Amino acid sequence: MLVRSLRRRGTAVGAVVFAFFVFALSFGATAARADFRVCNGTQTLVGVAIGYRAEAGWTTEGWWRIPATTCKSIIEGPLSSRFYYLYAEDAEGRGRWAGDIDMCIAENEFKIVGVEDCFARGFQEIGFREYDTGEQGSWMVQLTEAPREGTGTP
C-alpha cells in the first residue's frame with residue numbers, strides 16, 4: 001500500500017516537475033527573445049522610424065505603425081550595434097518623440113542609406129533620439145503620452 005501511494009505521489013510529483021519544466025522552457029524562450037521593441041503607451045496610433053549603423057553605412061528605416069497600448073519588434077533577432085536611433089510621431093500630429101541626431105526620413109515606407117544631404121537626395125531631415133544599448137542583445141523603448149519635442153526625452 002505504501003509503495004503504491006509513493007508511486008502515485010511520484011507520478012504526481014513527476015507531472016508537476018514536467019509541467020514546470022515545460023513552463024520554464026516556454027517562458028525562457030519568450031524571455032530570451034532578442035530584438036529592438038517599441039511599446040506605444042499612448043492612446044493613439046504612432047509611426048516609428050529607426051536608424052542604425054549597417055555594413056552599407058548609416059541606415060534609416062520606417063514606418064512601423066504601432067497601435068495604441070501595443071508593442072512591436074522593429075529589429076528582430078540579437079542587436080548587432082551598440083547605438084540605435086529612434087524617431088516617432090503620433091497619427092494625430094500632436095505628439096513627437098525626437099532627438100538631436102539628424103537623419104533622413106521619407107513620407108512613405110523607406111529604407112535610406114546615408115544620413116548626409118537628406119534634402120538634396122529628396123528626403124526630409126529630422127532629429128532622432130540616441131539609445132545606447134550597452135551592447136545588450138535586446139532593448140525596449142516605451143513611448144508615453146507626454147513627449148517633449150526636441151529633447152529626445154519621451
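Scope of the values below: all heavy atoms of this structure, side chains included, with no hydrogens, waters or symmetry mates. Remember, it's a predicted structure, so these values are computed and weren't measured experimentally.
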Fill in: Atom pair CD1 (I50) and OH (Y84), whose distance is rounded to the nearest 0.5 Å
7.0 Å
Worksheet item: For L143 and A88, which heavy atoms make the closest approach, and how far apart are they?
Response: CD1-CB, 3.8 Å
Practice prompt. Flag the pair D102 / V115 as yes when at least one side-chain heavy-atom distance between them is below 4.5 Å, and no otherwise.
Written response: no
Response to the item:
Heavy-atom closest pair (A49 atom, F110 atom, distance to 0.1 Å) is CB-CZ, 3.8 Å
Practice prompt. State, to 0.1 Å, how close T44 and T42 come at their nearest heavy-atom pair, and which atoms those are.
Written response: O-OG1, 3.0 Å
Item to complete: Answer yes if V38 and Y87 sit in the same cluster of Ile, Leu, Val, Met, Phe, Trp and Tyr residues linked by side chain heavy atoms under 4.5 Å apart, and no otherwise.
Response: no
Discussion item. Is there a path of hydrophobic side-chain contacts, each under 4.5 Å between heavy atoms of I/L/V/M/F/W/Y residues, joining L86 to W63?
Written reply: no
Worksheet item: Given side chains that start at C-beta, do those of I74 and Y52 come closer than 4.5 Å, heavy atoms only?
Response: no
Worksheet item: Atom CZ in R65, atom CD in E109: separation rounded to 0.5 Å?
Response: 11.5 Å
Worksheet item: Between W64 (side chain) and V46 (backbone), is there a donor-acceptor pair under 3.5 Å?
Response: no
Fill in: Pairwise distance CD(E76) to CZ(R37) - rounded to 0.5 angstrom
9.0 Å
Fill in: Which atom of A68 lies closest to which atom of Q43, heavy atoms considered
CB-C, 3.4 Å
Worksheet item: Hey, are the side chains of F36 and L79 touching, using non-hydrogen atoms and a 4.5 Å cut-off?
Response: yes
Worksheet item: K111 side chain to T59 main-chain N or O, any donor-acceptor pair under 3.5 Å?
Response: no
Discussion item. Donor-acceptor check, side chain of D90 to backbone of G95, threshold 3.5 angstrom: yes or no?
Written reply: yes
Fill in: Side-chain heavy-atom pair W139, Y131 within 4.5 angstrom cut-off
yes
Discussion item. Please report the interatomic distance SG(C104) to CD(Q124), rounded to the nearest 0.5 Å.
Written reply: 10.0 Å
Discussion item. So I126 and R96, do their side chains get closer than 4.5 Å, heavy atoms only?
Written reply: yes
Discussion item. Quick one: does any side-chain atom of D35 pair with a main-chain N or O of S73 as donor and acceptor, under 3.5 Å?
Written reply: no
Worksheet item: Crowded around R82 CZ? As in, over 12 foreign heavy atoms under 6.0 Å?
Response: yes
Fill in: Set of ring-ring contact (aromatic ring centres under 6.0 Å, His included) partners for F83, sequence neighbours left out
none
Worksheet entry | Shortest non-hydrogen contact from F123 toward A106 | CD2-CB, 4.2 Å
Discussion item. For S81 versus T133, what's the shortest heavy-atom pair and its separation?
Written reply: O-OG1, 3.5 Å
Worksheet item: Under the 3.5 angstrom rule, does the side chain of D117 hit a backbone N or O of R121 as a donor-acceptor pair?
Response: no
Practice prompt. Check whether any side-chain heavy atom of F128 sits under 4.5 Å from a side-chain heavy atom of I105, and report yes or no.
Written response: yes
Worksheet item: Passes side chain to side chain contact (heavy atoms under 4.5 Å, CB included), W58 versus E116? Steps please.
Response: CA-CA 9 Å; W58 287 105; E116 64 287 321; over 6 Å; no
Practice prompt. Drop me the distance from M103's CE to C118's SG, to the nearest 0.5 angstrom.
Written response: 9.5 Å
